[in-house]
2 protein chains.
Amino acid sequence: MGCKKHLGWRGMLKKCGCKMTKPREIILEHLSKNCKHLTVEDIYFALKNKSHDIGLTTVYRTLELMVQNGILNKFDIGDGKSRYELAFETNSKDHHHHLVCCKCGLIINYNDFIDEEIQLLKKVEKELSEKHNFKILNHIIQFQGVCSNCAKKNEETN
Amino acid sequence: MGCKKHLGWRGMLKKCGCKMTKPREIILEHLSKNCKHLTVEDIYFALKNKSHDIGLTTVYRTLELMVQNGILNKFDIGDGKSRYELAFETNSKDHHHHLVCCKCGLIINYNDFIDEEIQLLKKVEKELSEKHNFKILNHIIQFQGVCSNCAKKNEETN
DNA sequence: TACTAATTGAAAATGATTTTCAATTTCTTT
DNA sequence: AAAGAAATTGAAAATCATTTTCAATTAGTA
Ligand SMILES: [Mn+2]
Ligand SMILES: [Mn+2]
Ligand SMILES: [Zn+2]
Ligand SMILES: [Zn+2]
């Protein structure tokens, strides 16, 4: 498991003069296995008391490094905590966008229309990057609203 | 100036049992005149030493209230500060999406392809809200990258 | 004008993230 | 395999955005 990934990560790190370390390996491995939207705390506590205890500061630093190098995506659902997930290539089958509940923070991945979305994004991206001389690296499409659970809760209250 | 806006705001506030106050009026007026992407601090200092000094806490509270009521949009470009702008109707000519520079935080509004974008969003929204029983209230489309200025700076460094 | 509920704002509290710095680890070179 | 240079780690302290508290003030209503 993870051999190819490990090589990729190590290569990426070498390119920017960084080293592959135990904590970095463990954190990336954890993110690979849990394809979720994790906070720093989520990761810190999940790895606590495992074979190798990782400091909170190191979790922060590792995640930031991986974002800078395009391994991870960082995003914010409005609750003041950053969330991280593996960055999937725009054209991979794992690439997806988000539905976010503004009441409870639930995040739903979807890729039902991903081909159409990507097609339009590509076009917009091309025109805008030329027009504004802007190098586009990434995109976000996100719908915000109220999940079925929160809607139900709200009805009961009234 | 702003009569219609003021009435709309007052009406909105009444509906949720809130009052129209000097600070709220001033903050909304400021946001109307500066169609930008302002932080709490931006607004607090812009209004400091004006006719009516507004407390930082009140700025926070007013902005949050307006977001809850759909008057303002809140978003995050990854620098840890929330930003606010007037919420334009999905179909208004002022509705737009964003290009964000991840180096300097520059935000460019664009609506070059807004009709196509909206059309696709509507379709996706309809299907997803049915599939997941999710009430969609808002959407975000954002491109992240490096602006021409930051690209130039980076070249010079190398 | 008088009343009541909502609002304000200064100060303190909170909570996420960053900084500091001495000890440890990685990777390259012998 | 051992040494050395440079990068990394992590505990503690610092920072900084945002929230809470609470007594004084203000807006809307009767
Ligand atoms: Mn996701
Ligand atoms: Mn904008
Ligand atoms: Zn929810
Ligand atoms: Zn820039």
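We use all heavy atoms of the structure for the numbers below, so side chains are in, but hydrogens, waters and symmetry mates are not. So that the names make sense, note that chain A is the first sequence line, chain B the second, and so on, each numbered from 1.
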Q: Backbone N or O of A:V59 within a donor-acceptor pair of the A:T62 side chain at under 3.5 Å?
A: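 No.
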Q: Write down the distance between CD (B:E25) and P (D:dG28), rounded to a whole number of angstrom.
A: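 So the CD-P distance, B:E25 to D:dG28, works out to 10 Å.
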Q: Below 4.0 angstrom from OP1 or OP2 of D:dA17, is there any side-chain N or O of B:S82?
A: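 So the side chain of B:S82 is outside the cut-off, no N or O lying under 4.0 Å from OP1 or OP2 of D:dA17.
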Q: Within this structure, what is the NZ-CD distance for the pair B:K74 and B:E64, rounded to the nearest 0.5 Å?
A: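 Rounded to the nearest 0.5 Å, the NZ-CD separation comes out at 4.5 Å.
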Q: Could you pick out which residue, B:K74 or A:I54, lies toward the 5' side of DNA chain D when each is mapped onto its nearest nucleotide?
A: A:I54
Q: Verify whether one side chain among A:Y110 and B:E127 offers a donor that lies under 3.5 Å from an acceptor in the other.
A: no
Q: I need the CD1-C1' distance between A:I26 and D:dG10, as an integer number of Å.
A: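 Between C1' of D:dG10 and CD1 of A:I26: 14 Å.
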Q: Would you mind reading off the distance between B:D79 atom CG and D:dC16 atom C1', rounded to a whole angstrom?
A: 12 Å
Q: Whole angstroms only, please: what is the NZ-C1' distance between A:K48 and D:dG10?
A: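 So the NZ-C1' distance, A:K48 to D:dG10, works out to 11 Å.
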Q: Classify every nucleotide of nucleotides 19-30 of chain C by which part a protein heavy atom approaches to under 4.0 Å, writing B for the base, S for the sugar-phosphate alone and - for neither, in 5'-to-3' order.
A: BB-----BSS--
Q: A:L65 CG to D:dT8 C1': how many Å, rounded?
A: 11 Å
Q: Parallel under 30°, tilted from 30 to 60°, perpendicular over 60°: which one fits the rings of A:H139 and A:H95?
A: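 Rings of A:H139 and A:H95: perpendicular, over 60°.
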Q: Figure out the CG/C1' separation between B:D76 and C:dT17, and round it to whole Å.
A: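 That distance rounds to 13 Å.
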Q: Rounded to whole Å, please give me the gap between NZ in A:K81 and C1' in D:dT18.
A: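 Roughly 14 Å, once rounded to whole Å.
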Q: Quickly work out the B:Y60 OH to C:dT8 P distance and round it to whole Å.
A: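 Taking OH of B:Y60 and P of C:dT8, I get 16 Å after rounding.
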Q: Hey, mind stepping through A:D112 and B:K131 against salt bridge (charged side-chain N to carboxylate O under 4.0 Å, His left out) and telling me if it holds?
A: CA-CA 10 Å; A:D112 304 61; B:K131 176 170 177 180; 2.4 Å; yes
Q: Take the angle between the ring planes of B:F75 and B:H98 and call it parallel below 30°, perpendicular above 60°, tilted in between.
A: tilted
